[in-house]
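For clarity, every value in this text was computed on a predicted model and none was experimentally measured. Residue numbering restarts at 1 for every chain, and letters A, B, ... go by the order of the sequence lines.
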Number of protein chains: 2
Amino acid sequence: MIVQAKILIVEDEPAIAELLAFNVMQAGFIALRAEDAPSAWQQIRDHAPDLILLDWMLPETSGVVIAKQLRADARTCDIPIIMLTARGDERDKVLGLESGADDYITKPFSPRELMARIRAVLRRHIPIMPEENVSIGGLELSPTTHRVTAKGHGIELGPTEFRLLQFFMTHTERVYSRTQLLDQVWGTQVFVEERTVDVHIRRLRAALEASGLDNLIQTVRGSGYRFSVT
Amino acid sequence: MIVQAKILIVEDEPAIAELLAFNVMQAGFIALRAEDAPSAWQQIRDHAPDLILLDWMLPETSGVVIAKQLRADARTCDIPIIMLTARGDERDKVLGLESGADDYITKPFSPRELMARIRAVLRRHIPIMPEENVSIGGLELSPTTHRVTAKGHGIELGPTEFRLLQFFMTHTERVYSRTQLLDQVWGTQVFVEERTVDVHIRRLRAALEASGLDNLIQTVRGSGYRFSVT
DNA sequence: GTCTCTGTGTCACACTCCTGTCATAATTTC
DNA sequence: GAAATTATGACAGGAGTGTGACACAGAGAC
């Protein structure tokens, strides 16, 4: 359970930002503020907020662009986003949700409704690792039973290889550096050599080799590794 | 990547300070030292360290106070802090993190763990720079997946050619001298022969030749190279 | 308690592929 | 034509990665 969720408010109009911050703090959250894209990134980097309230209209970079960029980065793609917009246009709503927002609220809004939505989104995001079964490229992984099958045949994996494969199967196509994999699979508070990743990649490949699926895990020289079905 | 991060060691016991400085320098960082609060502020002003190792117990002003002051100042609130403490008390840990420390390590500590924590904290503080996919003139380049397609067909590029193409695709229709390309693609701190650019241009053209897109990279005699779709 | 077994992290070595440089050929400019 | 500039091919060295071995810690079994 998050003790005190940090909520980043990205809003250029001071009056609205102030109102939002007041409500957020009133509800027992920590309010962070940013008035444009650069300062938003700064806040995200420094404080790792648990949720972002993102204004649709911003000077320079629009909220939609920021949302897309957030979703594109491994370190920020799990942060829930609530979009704020002036109009109640359905098209905007679709665009907003497509860009990766988790929810959507139109100005003017009641503080009560805002807080309800924030709480709902946070509640949904408490299970950070969704324990759902994953199936991709001939591989099936079940977190609940802790089982993996490759082309129907069960394969044995150690705990670390299991988590590594789970991460890859839920984050395909993108390249992850050894450092990012350490942060995501081992955790940020664990200290192991970067090259250890190589060894576990090799162990995972060895386990997949019998099914001929070891080529799903690709080496990107100079960058890291990638899980790709193509 | 920070070329050589400067690390300020705030520690009053000379023996421990010496040990820390040795380890920090051994790991390739620059070590700055201060034995009390005033000299720490002096060093911060003069050298703008990238990270601060802060002893919990100091004469006069304690580490916690310094941390809070650092966090209160806009110029220093972004500098990550690692607290050093003698006791492994949980309450101290909470206090330390509340006062604004990014991490916490108890004495005695292994040099290995210390360096790992330093690297982890620095890693988390590198600016998040969202990179977007680029598509131009039949070429598509995706930084996140580290893939390039030319007219739909995937092509293989080495790391340097990839960066070179990425630079060109984001800076089209303009001539860049070899020196400028070295600065932008190789980095300013690297010393390589200007003629090396020619070779990489050639390698990039060779990779694009199969798709007939090698003419996107044009030679401007006497000036340099240009990426142009016209 | 000892013993075994499994999983993990680290290291040393092998190997691949990239990279910078040079010599030489080709091209452009005057 | 000569001079200047660029293209190309070849190559040695090195950075980055694959792989096997090993030590160690922890969980059970007995």
Between [X] and [N], is there a side-chain N or O to OP1/OP2 distance below 4.0 Å?
X: B:Tyr225; N: D:dA7; value: yes
X: A:Thr219; N: D:dG16; value: no
X: B:Trp186; N: C:dG20; value: yes

> Quick one: do B:Glu140 and B:Arg147 make a salt bridge, cutoff under 4.0 Å?
Replying inline: no
> Is it true that B:Glu11 and B:Arg33 make a salt bridge, defined as a side-chain N closer than 4.0 Å to a carboxylate O?
Replying inline: no
> Between A:Phe167 and A:Tyr176, what is the ring plane arrangement, given parallel below 30°, perpendicular above 60°, and tilted in between?
Replying inline: perpendicular
Is there a donor-acceptor contact under 3.5 Å linking the side chains of [X] and [Y]?
X: B:Thr145; Y: A:Glu173; answer: no
X: A:Arg205; Y: A:Thr219; answer: yes
X: B:Gln69; Y: B:Asp73; answer: no

> Under a 4.0 Å heavy-atom cut-off, which of residues 192-217 of chain B touch DNA chain C?
Replying inline: B:Val192, B:Glu193, B:Thr196, B:Val199, B:His200, B:Arg203
> Whole-Å distance between C:dC18 C1' and B:Phe162 CZ?
Replying inline: 16 Å
> For A:Glu156 and C:dC5, what is the distance between atoms CD and P respectively, to the nearest whole Å?
Replying inline: 17 Å
Within the sub-3.5 Å range, which N or O atoms of nucleotides 25-30 of chain C have a protein N or O partner, and how far apart are they?
| unit_1 | atom_1 | unit_2 | atom_2 | d |
| --- | --- | --- | --- | --- |
| C:dT28 | O2 | B:Arg221 | NH2 | 3.2 |

> A:Ile44 versus A:Ile52: any side-chain heavy-atom pair under 4.5 Å?
Replying inline: yes
> Does the ring centre of A:Phe227 sit less than 6.0 Å away from the ring centre of A:His171?
Replying inline: no
